[in-house]
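Chain letters run A, B, ... following the sequence lines, proteins first and then strands; every chain starts at 1.
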Protein chains: 2
Amino acid sequence: MTTQRGRNDKRSGKGLGKANPAEDEAVYQAILHALLEGKLKAGAKLAEPPLAEIFGVSRERIRKVLHRLGAERRLEMIPNRGARVPRPTLDDVRSVYEAHRVLEAGVLTQLVRHVDDALIERLNTHLAEERAAATRGDRAASVRLSGAFHVHLVEALGNAELSRFLADLLSRSSVMVSVYEPATDSICAVDEHGAIVEALRARDVARAIAVSREHFLHVESRLHLDDDAAPASEDLTAVFAARRPKRRKAR
Amino acid sequence: MTTQRGRNDKRSGKGLGKANPAEDEAVYQAILHALLEGKLKAGAKLAEPPLAEIFGVSRERIRKVLHRLGAERRLEMIPNRGARVPRPTLDDVRSVYEAHRVLEAGVLTQLVRHVDDALIERLNTHLAEERAAATRGDRAASVRLSGAFHVHLVEALGNAELSRFLADLLSRSSVMVSVYEPATDSICAVDEHGAIVEALRARDVARAIAVSREHFLHVESRLHLDDDAAPASEDLTAVFAARRPKRRKAR
DNA sequence: CCTCCAAAAAATGTGCACATTTGCTGCGCC
DNA sequence: GGCGCAGCAAATGTGCACATTTTTTGGAGG
């Protein structure tokens, strides 16, 4: 039976089985970036054919990336119905913040056992950067440095698992910012970060945790549903503009 | 160039695009189970063709599952070189245990704020089960219940993110047990679990964390490299025996 | 005008045939 | 006898042609 199919075609092996891992990564990074930057609307559908066209790669390439993002819980995959940008509920967001808060409590508990002057100094250097960014009104840098502070804390433990958890939480919460925008420009207050460092320096676990807890509750309380605030584009072509040559015959 | 492909063949659409999500899941679960049970040797290669033959599914099916397990860091994927069972170093194991310890410290900190009689009662019920299993010498149940205790703790917070982190850590550590066997049958001592519950009941954060910490350090100290202790089978056919009919022509 | 249903269109899922790469074996050469 | 390299076998990676869904469309009936 097996239908000896007649060696149908075989284009001049141009870019066929060409192993190009970098291309996968490029598409992955592009979509991930768009997600993290909040350029994609919350419930938006990410269909394979258009993306394949936009990036100029095969549909399978796109498919693989989409499923990967789904496995990382960055996209919502529904069998036979494709990928969508998740639309987190307010409880989902609170859940992420709470997880971060709980995790940091554990980190601080462990950290007071290992504080040394070098660590305090590194943290203070970071605080100075944060203050500088806040002073000159650089909002983008402030957001970035604010998250980086917590990363510094967990990385001080040198535990890859914990660092990964935090990175996971942070990336998830940055996606959510596009929906539940944390108010105006009042990101993590630098003072609160400073208070954490101060408590660490004093080896005062209870106070460090208390400050950290207040800090997070403070941020959480600012969450509010900001429906129309997200101008995230609807059509994918605009979002991923100029990512790939999009091989048209012209040119 | 564009290769007018000549509609080569088309077998009698037997079971071609047959959507069968359950089959993916079955293969995934089978391999995951073998991994968690420690039935797979530490550095073993998991090649696609043999697995496809064993499970009686297409190679793509296997491939997808393998990559998924790789994304979950349960398998070590090397481009163009396939999947291998990871060979964790002693530091890797310590890292997992430390992460668990830190995480639980945070969980306990948060938990003392929400303890109520119902929770204490549930935990005590669980402790009774653990003691019963220990008394009747049921090692399998003891191991399972011992892990379940920590799951109970984190689930008491009702935070999906944190629960997922713990599940991740637990599944990772159970794989490692096959290499660094935690001594004889001295798993988590029930007494230490009881002491945690007792501290919780008393709303004594510091003591709960201290006990938990001691508990984990206790377990960690028992880790040792047990080279020859793992009789994990080498050939895959034996490991996955009788999983799938392995459709031979003979009915 | 809305609802419901059938047919068409589009999108997702999967097996297969290759291309490419890796691993291995054996033969020649130093 | 060992070392290196050419050739071969096996395994991985990828595009493509379908099958199978899902979604949209269009029209008949209430």
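B:R74 meets the salt bridge (Lys or Arg N to Asp or Glu O under 4.0 Å) test with B:E72; sequence neighbours excluded. With sequence neighbours excluded, the residues that form a side chain to side chain contact (heavy atoms under 4.5 Å, CB included) with A:E155 are A:V151, A:S163.
Rounded to whole Å, atom P of D:dT14 lies 7 Å from atom CZ of B:R63. One atom, CD1 of B:I78, and another, C1' of C:dT22, lie 12 Å apart when rounded to the nearest Å. What separates CD of A:E60 from P of C:dA19 is a distance of 17 Å, to the nearest Å. Note: CG (B:D24) to P (C:dG13) measures 10 Å, nearest angstrom. Rounded to whole angstrom, the span from the CD1 atom of A:I62 across to the P atom of C:dA10 amounts to 19 Å. For the pair A:M77 CE and C:dA11 P, the computed distance is 15 Å after rounding to whole Å. When rounded to the nearest whole Å, the span between NZ of B:K45 and P of C:dT22 equals 12 Å. We find that CG of B:N80 is positioned 7 Å from C1' of D:dG13, with the value rounded to whole Å.
Taking 4.0 angstrom as the limit, A:K64 places none of its side-chain polar atoms (N or O) nearer than this to OP1 or OP2 of D:dG13. Phosphate proximity of C:dC16 to B:R59: absent, as no side-chain N or O sits under 4.0 Å from OP1 or OP2. An OP1 or OP2 oxygen of D:dT12 is reached within less than 4.0 angstrom by no side-chain nitrogen or oxygen of B:H67. Taking only side-chain nitrogens and oxygens, B:R81 comes nearer than 4.0 Å to OP1 or OP2 of C:dG23.
Nucleic acid contact class of A:E48 (heavy atoms, under 4.0 Å, all strands): sugar-phosphate only.
In this structure, A:R68 is positioned above the aromatic face of A:Y28, its NZ or CZ under 6.0 Å from the six-membered ring centre and within 45° of the axis.
In this structure, A:S95 contributes its side chain and A:D91 its backbone to no donor-acceptor pair below 3.5 Å.
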